[in-house]
Amino acid sequence: MRAFAAGFPYERLDVLVDNAGVMALPYGTTADGFETQFGINHLGHFALTGLLLPALLAAPEARVVAVSSPAHALANIDITDLGSERRYRRWTAYARSKTANLLFTHELARRAAAHGSDLVAVAAHPGYAATNLQTAGLRAEGRRAAERFMRIGNRFLAQSAEAGALPILYAATQPGVPPDSFTGPSFAMWRGSPAPSWRAPWTLSDAAGERLWAASEELTGVTYGAWKA
């Protein structure tokens, strides 16, 4: 993230979509030693957004889109165990990372407003879209039967990857999308045209957003200093 941000060749950035993600992997760590799902799905996004903040602030009404998931509703974050070191359960860890995406959006929107910035922080999710997200972890573990099962689900139950991208594109480009909004497919958060999506109440907590922000700064070493000048 630091290398990419250091080599970013433009003075302004109009849209940043924090989309990198993994799902329900067996326990592992990133090169920096963070639990893989929390490290990739949240900390990497937090760091990249902070490192690119000067370019975002140089663009009028720039947008930051965090890609979350309806699965965030399965678990709130545990601020005392962000790396799931006490007990690792892959779906709980995934849900916590997706809750972190929404808390990051909430806190980023709150801080933008407090600094009088026109930066727009929003979140979106693709619903159930047929991509390799559902099968990558199973393939890595050699669980061939489960991988085949998920491929069947992708074929007959999921919407296309292109349709899954629509809520994210909507959040990134549609005029008038409100800060701290959550956009997803219109039908049961599963498929359909972009629409406002339900989110768990704990993703709108100022206190939780502040605690996660402070922990993320400490873990990544990235502070949003462009707002402090």
Side-chain angles (χ1 to χ4, degrees), residues 1 4-5 15-52 63-77 82-84 88-108 121-141 146-147 150-151 153-154 158-172 181-185 189-191 194 197 199-200 203 212 216 219-220 222:
M1 294 302 178
F4 176 84
V15 178
L16 174 62
V17 179
D18 289 324
N19 184 55
V22 293
M23 183 174 75
L25 299 181
Y27 182 80
T29 57
T30 67
D32 294 305
F34 305 124
E35 186 275 311
T36 303
Q37 296 192 84
F38 185 70
I40 293 175
N41 295 355
H42 168 64
L43 290 177
H45 296 167
F46 178 89
L48 183 63
T49 304
L51 293 168
L52 293 176
R63 291 195 194 180
V64 176
V65 183
V67 180
S68 185
S69 166
H72 80 273
L74 296 175
N76 196 354
I77 63 167
L82 292 174
S84 299
Y88 183 76
R89 291 175 293 180
R90 67 185 69 197
W91 282 106
T92 299
Y94 176 69
R96 287 174 173 172
S97 74
K98 296 290 100 179
T99 283
N101 293 149
L102 288 168
L103 278 173
F104 167 64
T105 298
H106 178 69
E107 184 64 11
L108 182 61
V122 296
H125 72 88
Y128 182 9
T131 70
N132 70 344
L133 188 67
Q134 295 87 1
T135 57
L138 299 173
R139 188 184 310 112
E141 293 181 273
E147 182 184 352
M150 289 306 302
R151 289 189 183 279
N154 280 1
Q159 60 181 355
S160 68
E162 291 80 5
L166 285 179
I168 300 164
L169 292 171
Y170 182 98
S181 58
F182 189 32
T183 302
M189 298 196 295
W190 186 317
R191 60 193 306 149
S197 195
R199 61 195 286 184
T203 68
L212 178 63
S216 300
L219 290 169
T220 64
V222 174

Looking only at heavy atoms, the pair that brings Leu219 and Phe34 closest together is O-CZ, 3.3 Å
Sequence neighbours excluded, the answer for side-chain contact (heavy atoms from CB on, under 4.5 Å) partners of Leu52 is Phe4, Ala5, Phe8, Leu13, Leu16, Leu48
For Gln37 and Arg90 the tightest heavy-atom approach is NE2-O, 3.0 Å
message: Less than 4.5 Å apart, side chain to side chain, heavy atoms only: is that true for Thr49 and Phe104?
response: yes
The side-chain hydrogen bond (donor to acceptor under 3.5 Å, both in side chains) partners of Ser68 (sequence neighbours excluded) come to none
Here the side chain to side chain donor-acceptor pair (under 3.5 Å) pairs for residues 22-31, sequence neighbours left out, are none
Quick note, salt bridge (charged side-chain N to carboxylate O under 4.0 Å, His left out) partners involving residues 98-108, not counting sequence neighbours, are Glu107-Arg110, Glu107-Arg111
Tightest non-hydrogen contact, residues Arg63 and Tyr170, listed as NH1-O, 4.0 Å
Rounded to the nearest 0.5 Å, the CG atom of Leu212 sits from the CZ atom of Arg96 at a distance of 12.5 Å
### Query
Okay, side chain of Thr105, backbone of Asn101: is any donor-acceptor separation there less than 3.5 Å?
yes
Contacts satisfying salt bridge (charged side-chain N to carboxylate O under 4.0 Å, His left out) that involve residues 16-39 (not counting sequence neighbours) are none
Residues passing the ring-ring contact (aromatic ring centres under 6.0 Å, His included) test with Phe38, sequence neighbours excluded, are His42
What I'd like to find out is whether the side chain of Val67 reaches to under 4.5 Å of the side chain of Pro126, using heavy atoms alone. yes
Output for pair (Ile40 CD1, Ser97 OG), nearest 0.5 Å, gives 9.5 Å
Interatomic distance, CG@Asn41 vs CZ@Phe46, rounded to 0.5 Å, equals 15.5 Å
side-chain hydrogen bond (donor to acceptor under 3.5 Å, both in side chains) filter on His106, not counting sequence neighbours, yields Asp180, Asp206
Here the pair of heavy atoms bringing Phe182 nearest to Leu102 is CD1-CD2, 3.7 Å
Which side-chain N or O atoms in residues 70-77 pair as donor and acceptor under 3.5 Å with protein atoms at least two apart or in another chain?
{"from": "His72", "atom 1": "ND1", "to": "Ser69", "atom 2": "O", "distance (Å)": "2.8"}
{"from": "His72", "atom 1": "NE2", "to": "Ala200", "atom 2": "N", "distance (Å)": "2.9"}

Sorted by chain and number, sequence neighbours left out, side-chain contact (heavy atoms from CB on, under 4.5 Å) with Ala171 holds for Val65, Val122, Ala124, Thr183
Heavy atoms of Val17 and Ala172 approach each other most closely as CG2-CB, 4.4 Å
